[in-house]
Amino acid sequence: MSDHDDFEEGLARVPIEEDEEEMLSVSLSGFEGPLDLLLDLARRQKVDLRRISVLALAEQYLAFVERARRLRIDIAADYLVMAAWLAYLKSRLLLPEPAKGDEPSGEELADRLAHRLARLEAMRRAGEALMTRDRLGLDVFPRGRPEAPEQHTERRYRATVGDLLKAYTRVQTREAYRPLAVDGRAEVLSLEEARARLERMLGGGVDWQRLDGFLPEGWDRAPERRRSAVASSFAAALELARQGEVEIRQDEAFAPIHIRRKAPDA
Amino acid sequence: MSVPAPAGGAPEETPSGEDAPRLLDTLPLEEQERMVEAVLFAASDPLRVAEIAERLPEGADVPAALAALQARYADRGFRLMRSGGSWAFRTAPELGFLMRREAVEERRLSRAAIETLAIIAYHQPVTRAEIEETRGVAVSKGTLDLLLDLDWIRIGKRRETPGRPATFVTTTAFLDHFSLDSVRDLPGLKELRSAGLLEPLPPEEAQEEPEPTQDDED
Amino acid sequence: MSVPAPAGGAPEETPSGEDAPRLLDTLPLEEQERMVEAVLFAASDPLRVAEIAERLPEGADVPAALAALQARYADRGFRLMRSGGSWAFRTAPELGFLMRREAVEERRLSRAAIETLAIIAYHQPVTRAEIEETRGVAVSKGTLDLLLDLDWIRIGKRRETPGRPATFVTTTAFLDHFSLDSVRDLPGLKELRSAGLLEPLPPEEAQEEPEPTQDDED
C-alpha cells in the first residue's frame, strides 16, 4: 500500500500510537470493502493468488482488524463479518476434517476465497487494461464536424394543381354563397323541381346533352339563381344516375357536364 | 465526370511556403500530410494555416501538406476545401444527395396557406390586403412566410396606390412544383365560371384581371 | 414532373429509387467506394452496413466498398474502424497527441466505476447482486448512474430467477469508446475464461471434480 510506504519513508522511526492509528484509518478508508483489504494483504504474499496461503491471509486480516479495534478505529460492519468468517475458516483449516458430508471442506472454502480474490484481481486488471485502450475523444477522434444533420427531417409540402383549384373555388364560392343563404327560398331551384324538369326534358332520347342546357328559363342570368339551378340540376342528375336511369360524363375537370338517358341494355 | 473545383482556389495561393525553414527535415512530408489530415479531420471548425501549424510539430510545412492533400482527395468522396483562408474537409458536393437523410415529412399545406397561394396564383400581383379581402379573414405572417420559404411566392413590385403596398407573385419554383409552364396553364377562370363554380367578377375588377398573368420580372 | 436535380450531380448519380435500380448495376465499385466513403466521412457516429446501404443507390455492394476503404486508409491520418459491427472513420491512435485541443476533458473514473464497468463487460449480462458479490461490497447507485449516463452500459433483460433481477450489459457506445469491434475482443477475455476467472466458483468445483489442493502451509 502506498500509504504505508509514504509513511515509512517520511517518518522513518518507530511509530507511536497516534501515527499507527492514523495509518490504519487512512489505509482502511482507502479500501473498498473487506475483499479489497484481503486482496491487498494477499498481494503482499507475492505469489499467484490461487497459491496463496489462505490460513496466513486469514491470520493477517484478523490481526489487522484486531489492531484497528484496539485503537478504537471505527470499522464498518462488513469488515467484522469477514473477520468472523475468516476465524471460522481458520478453525476449519486447523482442525481435523470431519467425515465428508454436504458441507464444503475447509480446503474448499479456502479455495473459494482464493478464487474470489483472483477474480477481483482479474477484474481490476481488466478495468485497467480497458482504460489504457485507445479511447474515443482521448486517443482517437471522430470527425470533428459531422455533416449529416442528425435529424434532417425535411419538411416537404405537397400540393397539386387540383389542391390549388379546390382552394381557389372554395374561396370564391365561400364568398358567393354568402348572399344565397340570406336571400331565401325564392331564389332557389328545389331539387324536386330540378329532377322533374330533367326527367321531363330527357324524354326518351339517348344523345349526350349538356347539363347546363336544362336550366329553366330565366335561371341562367342572375348569378345566384344560376348557381342554385346548376347545383340542383347536378344533384338531381346524380340521383338519377344512382338509380340507373341516366349516365353522366365529364371530359375533364370543370368541363361541361353531359347527361343522357341510359340505354336499356347498356 | 465533371468535378467541381474546390471553393476558394488552389493551394498555391496560400501564404508562405517556399521560405518555410527545414527544422523538420527528419519528418517526411508524407508524415506531415498524415498529421495535417488527422488534425483537419478531427477539427470542429475550418482551420487557418497558422492554426494547423500550431498543432503540428515545429517546422512542419503546412502549405505543402495542404497542397498534397488537396491533390490526393481531389477525386474522392470528400475534398479538402478552402474557404475564407481556412481549410476543412467537406464531402464532395456532387455526393451531397447521399447525406440527405430521407426522413421526409410530407405535409399538406394548411387550408389558409393553400388558399392564400391560390389567390396569389390567380390574382397576381396581389397585395396582402386584397388577399385578406378575398379570403374574408386576416392572412397571418406565418402563412406568407411559409410560402416565401418554400420559394413559391416572392414579393413583386409595389402597387402605385396610397401606401405603396407590396404585392405578391408566384415564382418559377412554384411553376416547377405544380408542373406548369406558365401561370396561364392554370385552369382558367373562364372554365371555372362556365362550370358554374365561380361568380362572374364585378365589372370594375373584370378588366383588371381577365386571366392570371406571369409576372415578367421573373 | 420535374424533380430538382441534386446540386452538381452527374447524371448517373441521381438519388433514389423507383426508376433507377438497373442503372446501378453498372456503377463501378470505385464509384461505390467513393459514395460509402462520403457517407461515412460525413457521420461522426459509426454506421451499420444496412444504414450505409440505405443511403446508397440500390444494389451497391457495401461490404466490398468497406473492405476497399479499410485497405485504402490503413496508413492514413484517419482509419476506417469497425465497432460493434458498425463502421466509422477515426483518427489514427498514434496521432492522438495532435488532437489535444479536441480532447474531451476526461472525467476521472473512480476505481469502483472502472471495476464495475469491467465486471459488466466481462460477465454480461450480469445482475447487480453478482457485481456486488464479485467486488465484495455494495455498488452505489451513483456508480451505476455514471456508467449509464456515459452510455457505456444499459439495462438488459431480466434474469429469470426469483425476483427477476435486472441485468446490465454494455452498449455499442462502449465498444466505440474503447475501440472494440465486439465484446469478444475485450483484452484478455479468452485467458480469463480459460482460467475460470469469470465463474463464481473455482474451476475444480465448477467441474464437480474435486482436486486435492496443495496448501503447503500448515
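Keep in mind it's a predicted model, so treat the numbers as computed, not measured. So that the names make sense, note that chain A is the first sequence line, chain B the second, and so on, each numbered from 1.
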Would a 4.5 Å heavy-atom cut-off, applied to side chains only, mark B/Leu98 and B/Thr91 as touching? no
Specify which of B/Leu180, B/Leu146, B/Thr116 makes the most heavy-atom pairs with chain A at under 4.5 Å. B/Leu146
Bottom line for B/Ala42: the part with an atom under 4.5 Å from chain A's heavy atoms is both
Contact origin within B/Ala88 toward chain A - heavy atom pairs under 4.5 Å: side chain
Would you call A/Glu128 and A/Arg124 a salt bridge, using N to O less than 4.0 angstrom? no
Measure B/Leu40 against the heavy atoms of chain A and call it side chain, backbone, both or neither at under 4.5 Å. neither
Tell me, side chain or backbone of B/Phe78 under 4.5 Å from chain A's heavy atoms, or both, or neither? neither
B/Ile119 pairs by side-chain contact (heavy atoms from CB on, under 4.5 Å) with which of B/Ile131, B/Ile114, B/Val139? B/Ile131
When you check the gap from the basic side-chain N to the acidic O, do B/Glu51 and B/Arg55 get nearer than 4.0 Å? no
Specify whether B/Trp152 and B/His177 have parallel, tilted or perpendicular ring planes, treating 30° as the upper limit for parallel and 60° as the lower limit for perpendicular. tilted
